[in-house]
Amino acid sequence: AVGLVPAASVPDAVGQVQALPTAPVDPLAEVPASLMKDFGEVRRFKGKVPKAPLFERQVFAREAAKARLTIEDTIKLCILRGWSHFEAVFATPVVMASFYAQMELAQAPAMAPQRVNQTESAPPASPSVISAAKAAMAAALARMKAAGPVDPLAGQKAILAKHARGEHVSPYALDAARLALRV
């Protein structure tokens, strides 16, 4: 079985040899601690436990093998992309090309990951479609500039103001507003 240490044998009180149960091996044990710390921060940010359970680590190693990546490269990819877990289907050619460019590697591994049900890219758009899309984006940008700056925390500030006026505010919304504004 993959990921298991071979059973050891020890003599019992009578002198007969008994096999000890096999112990699972941590597939991420060889990854540097600094990478695992960064990966733990990504997982914590995503709402997961920083150190993945053993089963999840074994699945992680299996998916890395499917994508034909080392576990260390897979951890680096997850950190760079902000992923809390990894699946082999995440390793698309575009993702891997940007990963190898960020890692400043001259070339990708010899074997690309196998993809199932991979669709072809769409044909390039005509020049008239491109110019219409650019005009629409320019118009939207002009409308945004005319409207002025938008405060992304306006809703949170409104919740705190409502609470300050003595109006009822959900305790969860109040906590979220305080956390967002670091009050």
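If you're wondering where the values come from, they're calculated on a predicted model, not measured in any experiment.
Note that the NZ atom of K37 and the CZ atom of R44 stand 9.5 Å from one another [nearest 0.5 Å]. One distance of note links CG of L174 with CD1 of I159; it measures 8.0 Å at 0.5 Å rounding. Within the model, atoms CG of L35 and CD1 of I71 stand 12.0 Å from one another, a figure rounded to the nearest 0.5 Å. Atoms CD and CG, from Q156 and L179 in turn, are 9.0 Å apart once rounded to the nearest 0.5 Å. Atoms CG and CD1, from L80 and I75 in turn, are 11.5 Å apart once rounded to the nearest 0.5 Å. The structure places CD of E87 at 10.0 Å from CZ of R62, a figure rounded to the nearest 0.5 Å.
Under the 4.0 Å criterion applied to side-chain N and carboxylate O atoms, K76 and E72 are assigned as salt-bridge partners.
For the residue pair R178 and L160, the shortest heavy atom distance occurs at CG-CD2, 3.9 Å. Nearest heavy-atom pair across G82 and V42 is C-CG1, 3.7 Å. Nearest heavy atom pair, residue S84 against residue F39, reads O-CZ, 3.5 Å.
Cluster membership for L28 and V49, using ILVMFWY side-chain heavy atoms within less than 4.5 angstrom, is not shared. V59 and F90 are members of different hydrophobic clusters when ILVMFWY side chains are connected at heavy-atom separations under 4.5 Å. Criterion: ILVMFWY side-chain heavy atoms under 4.5 Å apart, direct or through other members. Under it, F45 and L77 are not part of a common hydrophobic cluster.
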Stepwise side-chain contact (heavy atoms from CB on, under 4.5 Å) test for K51 and R57: CA-CA 9 Å; K51 185 173 180 182; R57 288 179 293 201; 2.8 Å; yes
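Classification of the F86-W83 ring pair by plane angle, with boundaries at 30° and 60°, yields tilted.
Under a cut-off of 6.0 angstrom, the local environment of CD in E167 is crowded, with over 12 non-hydrogen atoms contributed by other residues, nucleotides or ligands.
Between E56 and the options H85, R43, K48, a side-chain hydrogen bond (donor to acceptor under 3.5 Å, both in side chains) holds for only R43.
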